[in-house]
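Step one of this worksheet: look at the structure below.
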Amino acid sequence: MHHASRKWHGNTDWCRRMKPPSIVIVGAGPAGIRAAETIIQAGYRPTVVDEGDQCGGQIYRQPPSGIRRSPKALYGFEAQKASNLHESFASILDAIDYRPASTVWDASENKLCVLSESGTKDVHWDRLILATGAMDRVIPFKGWTQPGVFTLGGSQVALKGQACAIGECPVFVGTGPLLYLVAYQYLLAGVRPKAVLDTSPPKAQRRAIVGLMRGGRTFLKGLLYIAQLKRAGVRIASGIRPLAANIGEDGSVSNFSWLDHSGEMRSAICDSIAVGFGLRSETQLADLCGVPFAYDKGQRQWLPAQDSAGRAEDIEGIYFAGDGAGVKGADAAELLGRRAAHALLLDLGHAESGRLLANINRRIQRMSTFRHALDRVAFPFPHRLAAAIDDATILCRCEGVAAGELRRIGKELGATEVNRAKAFCRVGMGRCQGRVCGEIAAEVLAECLDVSIEKVGRIRGQAPVKPISMRAFAEASKS
Amino acid sequence: MTVADVAIVGGGIAGCSAALHLRQRGASVVLLERKSCGSEASGVNYGGVRQQGRHPAELPLARRSRALWSKLESLVGTDCEFSVSGHLKLARSDSEYEELNTYAAHAETHGLSLKLIPAEQIRRTYPWLSNDVVGGSLCAEDGHANPRLVAPAVMCAARHCGADVCERVTVTRVEHRNGTFVTTLSDGQHVQSRGLINAAGAWAFHISAAFGEPVPEDVMAPNMCVTEPIPHFIWPNLGVCGGDIYIRQIERGNVIFGGGEGIADRDAIRSYPQSAVTATAIRAAVSLVPDLANTQVIRTWSGIEGVMPDGLPVVGRSRTTPGLVHTFGFSGHGFQLGLGVGAVASELVLDGGTDTEIDELSIGRFDQLDVAASGNA
């Protein structure tokens, strides 16, 4: 179990001897699409399994049929990239085995368990490209579980996928480039944000400026978002510390309060709050396949170990592409998708992919200075904020576990590791399986035990990756 | 060199309970656990506190253990979510109902009272059960508890009473020299004791073999599932004749169920649920309680449990080595039995005997077996 075979390795004339290898790509965002395209060009027919109803991933998500908004309105500056990607995918549809609206809920020895409306099916793989993307990082504050509080990503999905806003006067809180981008997208859609509140100190952004300049157009766009928001009269502040989402008479958010950079308490009336502190890779499938993980100090998260071409360490036949194994952004994701595909093709004996790999890696390298300045200097994950959340604040919303309870378990019951803490107080045990709260629990536990974050470990991946409907299984057996 | 009256190898429920009971008698105790107490079978099982359906050879031990479950809160300071919900074993054919009848008569001789429930009464009392059910047998004093909490709670209580509990230590060697056990740890430390309790779960056969008592201990990994919380409606702990599915719902709403086996890798100390087994268990759960179709499974898990060829544990004194007591191979029954086993082990090691009837669980029953051919190693 959990060990992919080596049977295709270096085998150039497979077609004469046996059937072609089964190549499966999980995810149809920018990384997955570019990977599929590259695989097809080499003459294979990959299977593409995607949770979305349509391709595009989170960043280039498409609205459901019936909702018509122009690419320009949906994606702003990225409209051309989005259209290119959607068109690319449309042009390869005949050349792939496409499984939309399908969730991979378990993965093991050369097999994925895929749940769709028609039930669960096993999909065999000889080579697997994981382009599973990323999700919001959320740092809890008082009231974050109340109606009206959304993640930044969720707020963007509402806009792109459903053509609706989270409210009429939203406050945007957190840090990272997405904070300004989503606020700007709301502004474009006719919803003026009440405030954009960044926890990163202003001096961090100034310190990052040299590296950020390397981002060229991307950096200029960022400046433009901020300028436009300011011009529209949106209150922008950095170096803030979130205090609370306060609830009004209707049971929904009515006000947000925070400490400004000088420690002064401020508040704003609002009807919704979008929160996000950067992105975290979705790594569960790699975990279930048995790929070893290493702690990435820069991104401050556990990531599957991979070589310089995106090959998984220890498990033959698995490749990583896009944000699913380290967050690098949408532009890099397209390159990383191609890189993973070329690494795979090289392993199948396609020598020309080796040269292309080096070329792609050079281009990825050029992006990394900007990315480093963006993630680590300008908008680092504010882990101290996470570690310092109030005892009374709910940390794990699925199970209703407050931070103080986790600290008590750590100190009194000697839970020195997050899985042990989970066993004792249910943190990370609910519907999200720790995808949201796991890393915060680790920060809180490490701080209260006064050990390094690596020491307390990470919540082990357990199937199902996402909740699975029991009806889907029962009905599948009937048909 | 640590010196104690008794060394215990294995921090599952049985080992932890033995430590607590030995301390209550004033004996000095060192408990050695390779991971954290309750990491394997004791901590990751279904959580059934069930006497109904136990093999007659286990019933006296199950009865003894059940009495301790009632005292759990006073023993360890927390109830570990123990709920006396009753255990309802269901028949899906007339012959199965007949089996339940026969068993109930036998259980009565051990003082265990079971109530047979015919089909029409099942429909009235448990309207959410499938129409496939033709009858059931209720053991009112059975129930369920949270397995993640029990072994650690008993360990904490034992430690509070003065037991020397060492977690994350690996035993590399056990010897008996001049009436004294010498247990060697991977860091080179030694524990010297007059008594030794082998409570090493799926790995206990190494220890019994070291004292000239090889046994065919195999492993199993229960395939467990849990749903998101839903309104509480399944109050008894449910089982079926045949054992293909077992279901309980905790007060906060999650439904826990199991059926079939995952994969146990005893050497790597890792276990995994199997997706195909999970799928089968989901279907079985929905076919027994159709309303479960409306919920979602949020997690699956497994753990490693020792299994003996006859499905019964080994509980008793060693026949080769005075002072050595074996308690292992619980074959899926250890959660309910563990508390009682610890009490019995403390008596065996301090008094050389116990009033609880355990003769049929002796390690001697494997004397005639060709161990190399039939099990582990």
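We name chains A, B, ... by the order of the sequence lines, and we start the count at 1 in each one.
The 12-atom threshold is not exceeded at CG of Asp450(A), counting heavy atoms of other residues, nucleotides or ligands nearer than 6.0 Å. Shown here is Arg460(A), whose CZ atom has no more than 12 heavy atoms of other residues, nucleotides or ligands within 6.0 Å. Atom NE2 of His232(B) has more than 12 heavy atoms from other residues, nucleotides or ligands within 6.0 Å. A 6.0 Å sphere centred on CD of Glu454(A) holds more than 12 heavy atoms belonging to other residues, nucleotides or ligands.
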Problem - Residue pair Ile282(B), Ile468(A): steps toward the side chain to side chain contact (heavy atoms under 4.5 Å, CB included) verdict - result: CA-CA 10 Å; Ile282(B) 290 175; Ile468(A) 46 176; 4.2 Å; yes
Exercise for the section: Dump the intermediate steps for side chain to side chain contact (heavy atoms under 4.5 Å, CB included) on Arg148(B) and Arg426(A), then the final yes or no. Expected result: CA-CA 10 Å; Arg148(B) 289 177 284 106; Arg426(A) 318 190 84 96; 3.7 Å; yes
Practice task
Before giving the answer on side chain to side chain contact (heavy atoms under 4.5 Å, CB included), spell out for Gln462(A) and Tyr272(B) the whole-Å C-alpha distance, their side-chain angles and the decisive distance to 0.1 Å.
Solution key: CA-CA 9 Å; Gln462(A) 284 169 299; Tyr272(B) 318 89; over 6 Å; no
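Taking the charged nitrogens against the carboxylate oxygens, Arg168(B) and Glu417(A) have no contact shorter than 4.0 Å, which rules out a salt bridge.
Two residues are said to be in side-chain contact when any heavy atoms from C-beta on lie closer than 4.5 Å; Glu228(B) and Cys398(A) fail this criterion. Residues Pro464(A) and Val297(B) have side chains in contact (heavy-atom distance under 4.5 Å, counting atoms from C-beta outward). The shortest distance between side-chain heavy atoms of Asp291(B) and Met470(A) does not fall below 4.5 Å.
Proximity to chain A (any heavy atom under 4.5 Å) is restricted, for Thr227(B), to the side chain, taken from C-beta onward. The contact between Asn294(B) and chain A is made by backbone and side chain atoms together, counting heavy-atom distances below 4.5 Å. For Thr280(B), no part lies near chain A; criterion is any non-hydrogen pair under 4.5 Å. At a 4.5 Å heavy-atom cutoff, Pro147(B) makes no contact with chain A through either its backbone or its side chain.
Listed here is the closest heavy atom pair of Ala293(B) and Ser469(A): O-OG, 4.4 Å. Scanning all heavy atoms of the two residues, the minimum distance from Arg431(A) to Pro229(B) falls at NH2-O, 3.8 Å. Nearest heavy atom pair, residue Leu149(B) against residue Phe424(A), reads CD2-O, 3.8 Å. A pairwise comparison of heavy atoms in Leu413(A) and Cys156(B) identifies CD2-SG, 4.2 Å as the closest pair. Nearest approach of Arg283(B) to Thr120(A), heavy atoms of both residues: NH2-CG2, 4.4 Å. The heavy-atom pair separating Cys37(B) from Arg420(A) by the smallest distance is O-NH2, 2.8 Å.
In this structure a side-chain-to-backbone donor-acceptor pair under 3.5 Å is missing from Arg299(B) to Gly430(A). Within the 3.5 Å criterion, the main-chain N or O of Ala463(A) finds a donor-acceptor partner in the side chain of Thr300(B).
Between Lys466(A) atom NZ and Ile298(B) atom CD1 the span is 15.0 Å, to the nearest 0.5 Å.
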